[in-house]
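What follows is one structure encoded as C-alpha cells, with my remarks underneath.
Letters A, B, ... mirror the listed sequences (proteins, then strands); counts begin at 1.
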There are 2 protein chains.
Amino acid sequence: MNRSDAKTRLTTALGGPKLLGPPLFSVGNPARVHQLLTEDERARLSLIASVARFNKGDMLLRAGEPADAVYNVITGVVKSFAVEPDGSKTINGFLFTGDLVGLSDEGKYANSVEAVTAVTTYRLPVSKLESQLRKDAELEFHVICKLCEELRQAQRHAFIISRREAAVRVVLFLHLMEQMQADRGEPTNEIYLPMDRTAIGGFADLSLASVSRAFRKLTLDGVIAVRNRHHVVVRDRKAFDQLAALA
Amino acid sequence: MNRSDAKTRLTTALGGPKLLGPPLFSVGNPARVHQLLTEDERARLSLIASVARFNKGDMLLRAGEPADAVYNVITGVVKSFAVEPDGSKTINGFLFTGDLVGLSDEGKYANSVEAVTAVTTYRLPVSKLESQLRKDAELEFHVICKLCEELRQAQRHAFIISRREAAVRVVLFLHLMEQMQADRGEPTNEIYLPMDRTAIGGFADLSLASVSRAFRKLTLDGVIAVRNRHHVVVRDRKAFDQLAALA
DNA sequence: CGCTGGCTTGATTCTATTCAATTTTCGTGG
DNA sequence: CCACGAAAATTGAATAGAATCAAGCCAGCG
C-alpha cells in the first residue's frame, strides 16, 4: 500500500524513460506526437531511474508532501487530483504512457496522484534529475517540450469544464481520451475508459448523476454505444463532432 | 496596429528579460516568488531581445500563426485567450511583469494574446532563443521553473471555473489578482483590476450579467467595496477567505 | 445466494443564462 | 469645460440546465 511496498527495483532494461509529446518548433509532421528523448538521453536517465509498480487504487504521491521523485509512466493509467477543502476531488488529468508525474511547487508535490489501473513507472529522484538536467541542455529542452504539452492539456481541461451542457463535456472528454489513445498508437475503433464514472465526473466537473445522464442521452441519441462500463464506440461521428463543436 | 508598427527597438538597457516565479526545489523561502534568472542570463538574453510596445487593445499575436517570437512582459498587462468556434472568448489568463507570452504548439501559437493596458515587452525570436536554450542548461532550467508555474496557474484556473456560485468564482479571481499583485511587490491595500468586466467573465466563465451581479452581491454583503471599475478593497477579510474556502 | 460498490433514474431545488431595457462611464470634439 | 455618442455595466424577468436528495438497480464476488 505504501510506496516502499509497491516499489520494486528491476535490473532489466525497458528502453528507459520516455516522453511523448509534440515537438515545440517543427511543423507538419505526419504523426502528432513523438518520442521526445533520444536513445542516448533515455539511457542516461535509466542510470538514475528505478522501476516502481503500483496496484489499482494505490497513491503514487500526495499533494503537499516533499517532492523527492518524479515518475514517468511506463504502463497503466494514473489520475492527478487535488482534494478541495470541502472534501471533493478535482481531477486535473489522467496520465498515460510517456507522461510525467509529480511536478512540484517549492519542493512539495502540487497534486496527489493515484493509480487508476495497475501501473509501472520509472522513478526519478529529483536530486539526481536536477543535476542531470543542469548539465544537459538538450535533455532539458525536451522536458520543456513536454511541459508545454502539459500546459496545453491543462488549458484544454479548462475549456472542457467551461462548456455548459453535460453531454458536451462528456463528448469532449471522450474525444480527448480517443485522441490520446490514437497518440499512443493504439486502435481507436473503441474508446477505452479505465476510470469509473465518478472519476469522469471529477475531471469534467459533473456530479455522478449528471455523467450517467449524459451517457444515457448520448446513447439514446445514437451518438455513442456503451459496450460496457469501460468501452464506448462512437456510432454517429458527425453528431459527435458537432457536439464537440469540432466540425 | 500590426506588429511592425507597434514594435520599436531600443538600445537602452532595462536590465534584460525577467522571469518571476517560485523556484522548483527550494523550500521555505521568505518571498514566494523570485527573479529566476541570474544577471548574467538576463544580459545574454538581452543580446537576442528587442523591445516591443503595444497599445491597449493591440494583438501581440494570434493563435495559429507561425510562432516566430515569444514575449517577456516588462510593464502592463496582457490577456491570453482562445476564440471558440461559437465566437466566444475563453480567457486562459492575465499576464504581468516577468511573465512569458507566446507558447507554441508545433510551431504555431497556441493562444491569441491582446494588450489589456499599454504594454512593453522584450521580444525574443524563437530561432535565436532555441539555440540559446540548447547550449545553456542553467537558463533552460529556469525556463522550466517558469513553465511549471504556468502549469499550476492553469490548474488554478480550472479550479476557479469549477466553483458553482458566481460570487465564489469572483472572489477566487480577486484573490488571485491580489496575490499576483503581492508577488510583484506592489501594495495590496487595494486590488487593481486592469481588465473590464467582460474579460473577468471570460476568465471566470461567467456572463457579463453574472459578473455584475456577483460584484453587487459581494458589495451588499459587505465583503468588498468597489471604489471604481478598476479598484476593489476587501472589507471583510474573514468572509472573503471563507467564500474562497481558503480558511 | 446475498452482499457491496458502482451506477442509474426520478423529483425537486438552485443558480446561471438569456434577452432586453436602462444607466453609467469615458473618450472625443466642439 | 461641457456635451455628445459609444461602449461598458447594471438590473429585471423568464428560462434552462445541473446539483442534490433519495430510492432502486445491476454486476461482480465471496
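- At a threshold of 4.0 Å, the pair A:Arg235-A:Glu190 does not count as salt-bridged, since none of the basic side-chain nitrogens sits closer than that to a carboxylate oxygen.
- Evaluation of atom-type donor-acceptor distances gives no pair under 3.5 Å for the side chain of A:Arg213 against the base of D:dG17.
- A sub-4.0 Å separation between OP1 or OP2 of D:dT11 and a side-chain N or O of B:Ser212 is absent.
- The existence of a salt bridge linking A:Glu165 and A:Arg213 is excluded, since no basic side-chain nitrogen approaches an acidic carboxylate oxygen closer than 4.0 Å.
- C:dG27 atom P lies 14 Å from atom CG of B:Asn55, rounded to whole Å.
- Under a 4.0 Å N-O distance rule, the pair B:Asp196/B:Arg229 does not qualify as a salt bridge.
- In this structure, the nucleotide among C:dT17, D:dA9, D:dA18 sitting nearest to the side chain of B:Ser207 is C:dT17.
- If you take CZ of B:Arg163 and C1' of C:dA16, they are 16 Å apart, rounded to a whole angstrom.
- For A:Arg164, the side-chain atoms get nearest to C:dT18 when compared with the rest of C:dG10, C:dT18, C:dC7.
- The side chain of A:Ser210 approaches D:dA19 more closely than any other nucleotide in the set D:dT10, D:dA19, D:dG17.
- Of the charged side-chain nitrogens involved, none lies within less than 4.0 Å of a carboxylate oxygen, so that A:Lys56 and A:Glu114 do not count as a salt-bridged pair.
- Here the C1' atom of nucleotide D:dG17 and the CZ atom of A:Arg169 are 10 Å apart, to the nearest Å.
- Residue contacts for B:Asp205: at a heavy-atom cut-off of 4.0 Å it reaches the sugar-phosphate backbone alone, with no base atom in range.
- Rounded to whole Å, the distance from NE2 on A:His230 to C1' on D:dC26 is 14 Å.
- Look at CG on B:Asn228: it is 13 Å from C1' on D:dA9, rounded to the nearest Å.
- When the P atom of C:dT15 is taken as reference, atom CD1 of B:Ile161 falls 19 Å away, rounded to whole Å.
- In terms of phosphate contacts, B:Arg197 brings a side-chain nitrogen or oxygen within less than 4.0 Å of OP1 or OP2 of D:dT10.
- For the OP1/OP2 pair of D:dG12 and a distance below 4.0 Å, the side-chain nitrogens and oxygens of B:Arg216 include at least one atom meeting the criterion.
- With salt bridges taken as basic N to acidic carboxylate O contacts below 4.0 Å, none links B:Glu149 and B:Lys146.
- One can place CZ of B:Arg227 at 14 Å from P of C:dT25, the figure rounded to the nearest angstrom.
- Rounded to whole Å, atom P of C:dT8 lies 16 Å from atom NZ of A:Lys217.
- Positionally, the nearest nucleotide of DNA chain C for B:Ala209 lies more toward the 5' end than for the other of B:Ala209 and B:Arg229.
- Projected onto DNA chain C by closest heavy-atom contact, B:Lys56 and B:Glu165 fall at different nucleotides, the more 5' of which corresponds to B:Glu165.
- Within 4.0 Å of B:Leu208, counting heavy atoms only, lies at least one base atom of the nucleic acid.
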